[in-house]
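One is the number of the first residue; the rest follow in order along the sequence.
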Amino acid sequence: MSDAARARDTVSFDASCPIPASRYDAIVLGHGSGGRLSRELLETVFLPALGQGPELAQEDQAVVPLPTSGRLAITTDSFVVSPLVFPGGDIGSLSIHGTVNDLAVGGARPLYITASFILEEGLSTALLRRLVESMRRACDAVPVRLVAGDTKVVDRGKADGVFITTTGVGVVPDGVHLSATLARPGDRVVVSGPLGDHGIAILASRQGIELETALESDSAALHGLARAVLDASTEVRCMRDPTRGGLSSALNEIAAASRVGISLRESDIPLRPEVRGACELLGLDPLYVACEGRLVAIVGADDAGRVLAAMQGHPLGRDAAVIGRVTAERPGIVSLKSVSGGERVVALLSGEQLPRIC
C-alpha cells in the first residue's frame, strides 16, 4: 500500500483534553469536578472572601480546640431562600444568622460553623463572591469561625442558584439549662420585636409588591440579645427564634412539650403597619410569618419585667413586649384573645404559608 493510501486509511484524532480557561464569569460543571477548576474556585472565591490564604494547608477536616467547661451544642440547617438577595440581607448572611441563632436560643456561645454549597451551573461568579463575602462579614460580627466547607455543582435548573447547608457548634455555660419542656403556668411570653418583617420583605421582593414604606428583613444574629436575657434572669425557661411557621409554630412546640396552655393578647403583639397591611391584603396571618432576627422567651412572672428591660436595652430588642402568659388550662393549645374580645385557637400551620423563606 502506498503512503498516500495509508494516509487515507488512517483515522486521526486528538485524545488530549483541552485546558479550560482560567477565569469564568459563571459556574460550570467543571467547578464541581474536584480538579483544577474546583481548586481555582476555592482559591479565587471562597478562601479570599472567608479570610484564609490559599497558602494554608487544606485538610479534609478542621481541627479546633474544645472548651474546658460547659456542654457542646450542635445544630444543622439548610437555606434555600428565594430570591438570593433581598432587602436587608442575602442567603449568605442569612445562613450565618440562622445557624448562630439556633445555638443562641439554647443558651450557647457560638464557636464554629461549617458550610456546604450546592451551586447551580450558570450561577454568576460575581454573585457567589458577594454571598461568601457577606457570610464572612456576618461571621466577623458575631464573632464565629467558619472552619470547614464543601462545594458541589449541579446541572442548570437543579438548585435555583445556590443552596447552603451549615453546621454550628457552640458551648452552653455551666448553670444554663433551657428547654421547651420547662414552661410553667404563670410564666410570661416575651417577644423581642415586631413579627413578620422577614417573611413579608421576602414576599414583596419576590412578587414585586410595592409597600407604602421600605421594609427590610429582620435577619440578624441573636447571640448578644440572648446573652442579655440570660444575664437578666435565672428564670428563663426557654427561648426560640420564630423562623418557619412564625410565632405560632414556636409557641405550639413549647405548649406541647410542657403540656401547658399559652394565651396571647393580640393588642400586645408588635407588628409594623406595612406588615399588618400586607397580611390583610394577602390573607396572611402574621403569627405564621417567618422572622429571622426575633427572639421569643418564656420567663417566670417575677422576672418578666427584668427580661423585658434587658431586651429593650439591646439594639435588637427596642420594641420588645410581653404578649401573653402560660396557663394550666387546655394543655398543648395556643390561643389568642383578639382586640374585639373574641378568642381563637392558634393551631400549627397545616401547610406552607410562604415557601422558600429561609
Where the side chain of E120 meets the backbone of G161, is there a donor-acceptor pair that is under 3.5 Å apart? yes

Which ILVMFWY residues are connected to V80, directly or by a chain of links, through side-chain heavy atoms under 4.5 Å apart? I118, V154, F163

CD1/I202 to CG/D197 distance, rounded to the nearest 0.5 angstrom? 11.5 Å

Where the side chain of S217 meets the backbone of S219, is there a donor-acceptor pair that is under 3.5 Å apart? yes

For R71, is the CZ atom crowded, meaning more than 12 foreign heavy atoms sit under 6.0 Å from it? yes

Any residue meeting side-chain contact (heavy atoms from CB on, under 4.5 Å) with T234, in chain and number order, not counting sequence neighbours: none

Interatomic distance, CG@D160 vs CG@L84, rounded to 0.5 Å, equals 6.5 Å

Donor-acceptor pair, side chain of S134 and main chain of R130, under 3.5 angstrom: no

If I take atom CG from residue D241 and atom SG from residue C291, how far apart are they, to the nearest 0.5 angstrom? 9.5 Å

Just jot down the ring pair (Phe, Tyr, Trp, His ring centres under 6.0 Å) partners of F117, sequence neighbours excluded, or say none. F46

Donor-acceptor pair, side chain of D218 and main chain of G293, under 3.5 angstrom: yes

If only atom types and distance count, is the side chain of H314 paired as donor or acceptor with the main-chain N or O of M311 below 3.5 Å? no

Decide whether V229 and V105 are clustered together by the hydrophobic rule: side chain heavy atoms of Ile, Leu, Val, Met, Phe, Trp, Tyr closer than 4.5 Å, transitively. yes

Is there a donor-acceptor contact under 3.5 Å from the side chain of D90 to the main chain of S93? yes

Using 4.0 Å as the upper bound for N to carboxylate O, is an ion pair formed by R237 and E235? yes

Give, for atom CG of L41 and atom OG1 of T125, the distance between the pair rounded to the nearest 0.5 Å. 7.0 Å

Validation row: V299, S233 side chains within 4.5 angstrom (heavy atoms): yes

As an exercise, state the distance from CD of E133 to CG of L128, rounded to the nearest 0.5 Å. 9.5 Å

